[in-house]
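What follows is a short report on a single structure.
Each chain gets a letter, A, B and so on, in the order the sequences are listed, and its residues count up from 1.
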Amino acid sequence: MSQPLRQTPLYSLHQEQGARFAPFAGYDMPVRFAGTLAEHAHCRRAASLFDVSHMAQADLHAPPEAVENLLPAAASTMAQGEQRYTLLLNEQGGIRDDLMIVRRGENAFRLIVNAACRDKDFAVFAEKFAGDFTPRPDLALLALQGPQAALTLNRLAKGAADMRFMTAAQMRVAEVDCLVSRSGYTGEDGYEISCAAREAESLARKLAAAPDVMPAGLAARDSLRLEAGLCLYGQDIDETTTPAEAMLMWTIPLARREQANFTGGKALQNHKPQRQRIGLVSESKRPVRRGWKIINPESGKPAGEVSSGGVAPTSPMPFAMGYVFLPAPEKTLLLHPPAGADVPALRHKMPFYPHKYFRP
Amino acid sequence: MPDILYSKQHEWLRIEEDGKAAVGISEYAQDQLGDIVYVELPEIGRTVAAGQEAAVVESVKAASEVYAPADGEIVEVNAALNDDPALVNRDAEGGGWFFKIKLAASPPGGLMTPEAYRAFVAEEQ
């Protein structure tokens, strides 16, 4: 018998806002409000509010050296209030999850992991850190993303606009205690706001009431992140992909690669990637879809596969990410859908839409 | 005969003054699909059978088949949808038509009246 779907603390608010729901990672999540393309466009133009409370948050009280025994992040050189995007690897150097880590104190960290990976990630953390690792199911998470996000948040939390990208601070937002980080999953400037679940609705209402803010669902979240060249765990990265193949070695500082004392570190040192994650733009208006084969047009031979495909109102043609075997085709590609004609495409550096991170 | 008839696969069919039958997807279908970003129209001259795949409509997330609601021959396609697929969302049962059929049999059988379709949709929900 299957489990009933969980709800985030904002479920009834979403119903009020006219959301359409669909199951995601065991949650009944808002997929769209006004419409995916409209929500995407609004995010790049103004500010969109996302409920990402399905993501799993946890506290870790451990010395940074112990954190570095598990994660490739340079935990010991993170200042208080700094945030990093990092990976949890398996023993073979494959990616178990991608996550955010915030240093909150000398031996205090906040972790945010993917909802679908919560159980397996938390088992790893609990096994290593026991009682020093504390899941926080009592917290909600909102994301406010877009060029107007800073101005909007600053009205409710003075000083928010001065925060640098990838920093986090405890602050009161509209009278709610929050851990606010200047980060996101859209490529836009914006914030991720963690607060007590019981205060989330009140906070979300205040944010949604702001003049430039519209709610956005998971479908827009997906088109935004793909257009920004960001990976989705389970589609673009998984336990069989290494950071080298996924072009995510930048998340592991050189010194940490040399130390190799994190899970998967030694395997990664000995690893020679056979394939590479690339971006591509189609020459047809037909949306590119996950699973389409990539063919080398010169040899006619299979060259790889699409891992995520999408369209956006802010990109003229459909775009996608996928993996190609090395040596990779340099420029022109041919895409082979399960039905219909083959489609020419071109390799394209990611992001497909420029990042707007606040790095003054 | 009512102006517009519906299939169980959420297509509509409307016989026009010149006897051709225009076909599209219902207002309910476009709402369910969300933003439509691409349409693949059939070749003119193609023979279709009721229930046979005739076109493809793609939303942001997924592709869906559009089935011919009746037997006949494709005699016209709505080229406007190539540049403006969102027209299907804006005017699904009017300007967002996909193709026109020269019907093999008139009136076409096996389709629902608007009232019957409304009831059918209500049951599905």
Against chain B, label A:R32 side chain, backbone, both or neither, depending on which of its atoms sit under 4.5 Å from a heavy atom there.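 It is the side chain, since no backbone atom gets that close.
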
Can a side-chain donor-acceptor contact be found between A:H40 and A:S223 if the only test is distance below 3.5 angstrom?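 The criterion, which ignores hydrogens and geometry beyond distance, is satisfied for A:H40 and A:S223.
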
Would you call the rings of A:Y11 and A:F21 parallel, tilted or perpendicular, taking 30° and 60° as the class edges?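 Taking A:F21 first and then A:Y11, their aromatic rings sit tilted (interplane angle of 30° to 60°).
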
Measure the acute angle between the ring planes of B:Y28 and B:H10, then classify it against the limits of 30° and 60° as parallel, tilted or perpendicular.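 Aromatic pair B:Y28/B:H10 classed tilted.
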
Checking B:A86 against chain A: side chain, backbone, both or neither under 4.5 Å from a heavy atom?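 B:A86 has no heavy atom closer than 4.5 Å to chain A.
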
Does any heavy atom of chain A fall under 4.5 Å from the side chain of B:D83, the backbone, both, or neither of them?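 B:D83 has no heavy atom closer than 4.5 Å to chain A.
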
Could you walk me through whether B:D31 and A:R20 pass the side chain to side chain contact (heavy atoms under 4.5 Å, CB included) test, one step at a time? CA-CA 11 Å; B:D31 183 62; A:R20 305 297 180 102; 2.7 Å; yes

